[in-house]
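Ligands are counted one by one from 1 in listed order, and the atoms in each one are counted from 1 as well. Small disclaimer: the values here were computed from a predicted structure and weren't measured.
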Amino acid sequence: MRDGQPHAIYLKDYQAPDYLIEHTTLDVDLGEDETRVRASIRFNANPEGKGKRELTLDGGKDLDTRSIAIDGRKLSHNEYKIEGETLTLFEVPEQFVLETEVLIKPQDNMALSGLYKSGDMFCTQCEAEGFRHITWYLDRPDVLSEFETTITADKSAYPVLLSNGNAVAREDLGDRHRVTWHDPFLKPAYLYALVAGDLEHIEDHFVTMSGRRVTLQIFTEAHNIDKVDFAMESLKTSMRWDEEVYGREYDLDIFMIVAVDSFNMGAMENKGLNIFNTSCVLAHPETTTDAAFQRVESVVAHEYFHNWSGNRVTCRDWFQLSLKEGFTVLRDQQFSCDQWSPSVCRIEQVQMLRSAQFPEDAGPMAHPIRPPSFIEINNFYTATVYEKGAEVVGMLATLLGPDAFRRGTDLYFDRHDGQAVTTEDFVQAMIDASGADLDQFQTWYHQAGTPEIEAKGHYDAVAKTYTLTLRQATPPTPGQSEKKPLHMPITLGLVGECGSDLVFDIEGCSAREIKGPDGYSRVLELRESEQVFVLTGVTSKPIPSVARHFSAPVKWIIDYSLEDLAFLSRHDSDGFNRWEAGQRLAIHLIDALERGNDGVSCDEASAMFLSVMTHHLKEALNVADSDVDGAGLAYNLSLPGLAFLGELRAEINVDSLVKARNAVKRMVADRCFDELSAVLEAALSDDSFAMTAEAVGRRALVNVCLDYLLASQRDEAVAIAERVYRGADNMTLWAGALRAVVGSELPSAPAARAWMLEDFYARGQKDALVMDLWFSIQAASGREGAVERVKALMAHPDYTLKNPNRMRSVIGAFAGQNVSGFHESTGAGYSLLADTIIELDRFNPQMAARMLGPLTRWRKYGAARGGLMKAALEKIQAQAERSPDVFEVVGKSLSDA
Ligand code: BES
Ligand code: ZN
């Protein structure tokens with residue numbers, strides 16, 4: 001162990017800081033061997049603190065402290081203590097200025113937290129606790145300060161010097177130069193940023209709703225400057241959207257984005273100076289898939305939206321992380337739904353929730369969206385805090401309706417501007433603005449686990465009533481065995497016999513109506529463990545369409561017949577539930593095949609599923625018509641993923657599950673080969689690349705069809721993929737064709753694979769993100785021999801563990817997406833992952849802990865595989881040098897709690 005036994009910290013132990021910081025001046029002298037950081041920090045005793053006159057600051061072992069002075073007087077050794085990662089000043093006045101000087105080595109910082117080098121440039125990542133690796137500080141989000149930074153560096157190597165706020169002074173020093181930045185907005189240290197490099201930029205501007213002109217700049221290294229126009233458009237769209245939908249205006253005169261190659265996360269919302277992983281900002285048709293384009297748009301929006309939800313109103317402590325992340329994810333999701341097809345957007349959000357968050361909530365790391373304790377905060381940037389957090393705020397929006405929800409967010413921003421607050425403050429603003437009773441709703445913030453709801457319906461043709469009984473229960477999670485019933489919105493529609501929605505009333509309660517051009521739903525409020533809703537005025541026997549738009553993050557148990565599902569998949573007015581019905585049918589079929597003991601039900605389910613597929617394929621033939629939602633149809637044609645299918649099982653038998661899913665895929669491919677080819681031809685267009693919903697939809701259809709065709713038993717499919725690849729002018733189709741061929745067992749696939757991989761690799765040599773894709777497509781392929789293939793990829797000269805994107809493209813794709821390869825029965829996949837994590841943990845603990853995810857669910861994989869997975873975890877745990885990050889995740893995974 002590096003630091004003895006790491007210990008947990010608890011939300012219940014929160015204490016206000018004894019000191020606040022009024023002003024912070026940093027003088028950063030960047031050098032190739034070392035960087036000198038002089039800090040001058042004006043402290044004031046906090047009236048809300050306990051009045052202690054001893055002050056402990058956060059730092060790191062990487063700070064080489066050269067001097068410490070208070071109010072201009074240098075401290076002697078008996079006036080302070082540096083111990084581990086803290087500096088304690090024994091006696092300080094009520095108000096004072098602390099001056100420190102430290103030396104740090106950004107070029108040796110491989111953890112990518114604090115100040116580090118990404119290639120030739122200097123950059124920072126301070127969330128959550130990175131600032132302490134730059135200088136001694138009160139590195140906590142409830143300490144907000146004004147910042148002024150002077151950066152000095154070599155002029156030719158680092159012509160661009162950036163920090164938060166406005167540039168207020170520049171000085172030429174011959175070979176070196178100096179720029180001073182001032183940020184007038186108070187902020188916690190986690191929002192601090194500094195960048196120095198040889199960068200180019202594009203510039204644009206935005207006029208805010210009150211008429212202020214804001215300069216917008218995006219910086220990259222020269223070779224990427226042709227790939228940032230899309231991000232600039234996304235930024236302007238986001239700025240306008242936040243004004244129109246949330247009434248939020250940007251506050252500084254300048255907004256900058258910098259793209260960096262080496263970045264642990266996707267992007268960071270530093271005040272006025274967002275720093276982005278290149279993967280989340282660069283976009284060009286020849287290097288970027290449609291999904292990645294859309295990711296750029298949503299990440300740009302997300303980080304921009306943080307300017308209000310996170311920066312102007314920030315978190316009191318890191319337990320409140322979902323306050324800014326859950327809410328901001330909801331905001332970026334709403335934004336994306338406004339740019340593209342709302343139901344397709346929702347499908348993607350729910351897929352993410354089901355494949356990442358549901359498993360987390362059912363595993364050893366399960367935690368509420370506001371965790372009660374943690375060892376390492378970096379382990380809590382999770383699907384639960386983010387995606388479930390977004391669902392929880394989304395439920396508030398659904399319960400209150402758009403107008404009351406907007407009054408609530410207005411009140412929240414208004415009341416807490418400039419403050420560091422809690423999730424209770426957020427909900428209180430919602431209560432105060434709407435008058436709604438949300439006491440029970442608060443349970444979502446401190447109860448972990450995914451609720452399961454059983455729905456049973458009964459139609460009374462005489463009384464014209466439909467009685468819907470809902471029963472909810474949440475399974476126990478580690479440390480939380482008793483669960484309370486939750487308050488949630490259930491958006492319900494009734495689909496009549498002719499396929500259109502029925503209008504109805506509800507006995508004894510007022511449920512908000514949602515009326516669309518051809519849809520009618522009402523928002524039921526579920527609060528009890530068991531609750532009966534009597535719907536009246538139901539003129540014919542309905543099929544219920546439950547939880548439209550996925551109105552709550554729960555698992556549903558509904559006893560639909562195959563006919564009901566087939567009907568809903570064709571007729572439901574809610575696009576999300578049309579998809580959902582088809583997924584249920586597919587799940588039914590895959591389950592039946594996996595059980596394999598019931599030929600009749602397999603035949604029935606196959607026939608029903610094929611009829612639905614054929615129906616969607618027919619519709620997809622008209623993809624050239626602009627009113628056909630190609631992306632929606634592509635999802636309707638896709639099978640549920642293995643992660644979600646596994647999640648539905650108490651125990652996962654990898655072999656039989658993969659076999660059953662593959663069998664369904666092959667069945668569709670063989671039985672619908674001609675229809676699939678026809679749709680593919682109809683969707684291929686001669687138009688040059690466009691990033692429009694129609695064009696994205698067509699490309700999605702081409703790729704779904706290719707995926708099926710290459711899983712068929714007809715070798716001619718390979719030639720189709722080769723033709724698509726050769727004729728394409730964009731990365732979506734190149735990657736789609738390559739992926740299909742790389743996964744194919746057809747006789748001519750190897751030859752096609754060889755030339756395509758070579759061609760793709762050549763493209764990758766000009767663009768690191770394309771090279772990442774070249775690695776990940778191969779690492780994710782479930783074909784026989786995956787472990788050996790992945791080992792070969794890791795020995796490739798272009799591979800490195802030091803760059804998170806490259807590491808993820810191999811290790812992440814293998815352990816996260818390649819179910820059959822990773823779970824290869826000898827356990828070779830587990831060993832490979834364990835050994836890689838051990839190596840990674842030596843220099844980048846945050847990434848190492850993140851890569852553990854796939855191993856943590858070992859209990860679900862039966863005795864043989866589960867035992868091997870557990871052994872891999874134990875090997876990691878036995879390492880002397882493991883980080884607190886890895887310690888926490890492995891410890892929780894192995895514990896019996
Ligand atoms: N604040 C985070 C970035 C972050 C995460 C910093 C973890 C430090 C530790 C940022 O706003 C964020 O959430 N980024 C996401 C992408 C976003 C679109 C959900 C990310 O980086 O994955
Ligand atoms: Zn965020």
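When each atom of ligand 1 is checked for a heavy atom of A267 under 4.0 Å away, the hits are 2 (C), 3 (C), 10 (C), 12 (C), 14 (N), 21 (O). The E269 neighbourhood of ligand 1 comprises atoms 1 (N), 2 (C), 10 (C), 11 (O), with distances under 4.0 Å to a heavy atom of that residue. Ligand-side atoms of ligand 1 in range of H306: 11 (O), range being under 4.0 angstrom from any heavy atom. Within ligand 1, the atoms closer than 4.0 Å to a non-hydrogen atom of K324 are 1 (N), numbered from 1 in the order shown. Under a 4.0 Å criterion applied to the non-hydrogen atoms of Q125, ligand 1 contributes the atoms 6 (C), 8 (C).
In this structure, a donor-acceptor pair under 3.5 Å is present between the side chains of T423 and R370.
Counting only heavy atoms of the protein, atom 13 (O) of ligand 1 lies nearest to Y386 OH, 2.6 Å.
Considering both main-chain and side-chain atoms, H302 comes within under 3.5 Å of ligand 1 through a nitrogen or oxygen pair. Ligand 1 has a nitrogen or oxygen under 3.5 angstrom from a nitrogen or oxygen of G266. Taking any N or O of Y381, backbone or side chain, none lies under 3.5 Å from an N or O belonging to ligand 1. Annotation: S298 places no N or O atom under 3.5 Å from an N or O atom of ligand 1; distance criterion only.
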Take E129 and R132 through the test salt bridge (Lys or Arg N to Asp or Glu O under 4.0 Å) and record every step on the way to the result. CA-CA 6 Å; E129 298 177 337; R132 61 187 63 187; 3.7 Å; yes
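Applying the 6.0 Å contact sphere to OH of Y10 captures no more than 12 heavy atoms from other residues, nucleotides or ligands.
Under a 4.0 Å N-O distance rule, the pair R882/D841 does not qualify as a salt bridge. Using a cut-off of 4.0 Å between Lys/Arg side-chain N and Asp/Glu carboxylate O, R140 and D317 are scored as not salt-bridged. Under 4.0 Å is where a charged nitrogen must lie from a carboxylate oxygen, and between R857 and E647 at least one such pair does.
Looking at F219, Y250, F206 one by one, the single match for ring pair (Phe, Tyr, Trp, His ring centres under 6.0 Å) with F255 turns out to be Y250.
The aromatic ring centres of W241 and F305 sit less than 6.0 Å apart.
Proximity of M265 to ligand 1, defined as any heavy-atom pair under 4.0 Å, is shared by backbone and side chain alike.
Counting only heavy atoms from C-beta outward, the side chains of S322 and E325 never approach each other to under 4.5 Å. D242 has its side chain within reach of Y304: a pair of non-hydrogen atoms, C-beta onward, lies under 4.5 Å apart.
Between the side chain of S118 and the backbone N or O of S262, at least one donor-acceptor pair lies under 3.5 Å.
Counting only non-hydrogen atoms, the option in M268, E303, E127 that gets closest to atom 16 (C) of ligand 1 is E303.
Remark: N277 pairs with S279, N805 by the side chain to side chain donor-acceptor pair (under 3.5 Å) rule, at least two apart or across chains.
Excluding waters, the set of protein N, O or S atoms lying under 2.8 Å from the Zn ion (ligand 2) comprises H302 NE2, H306 NE2, E325 OE1, E325 OE2.
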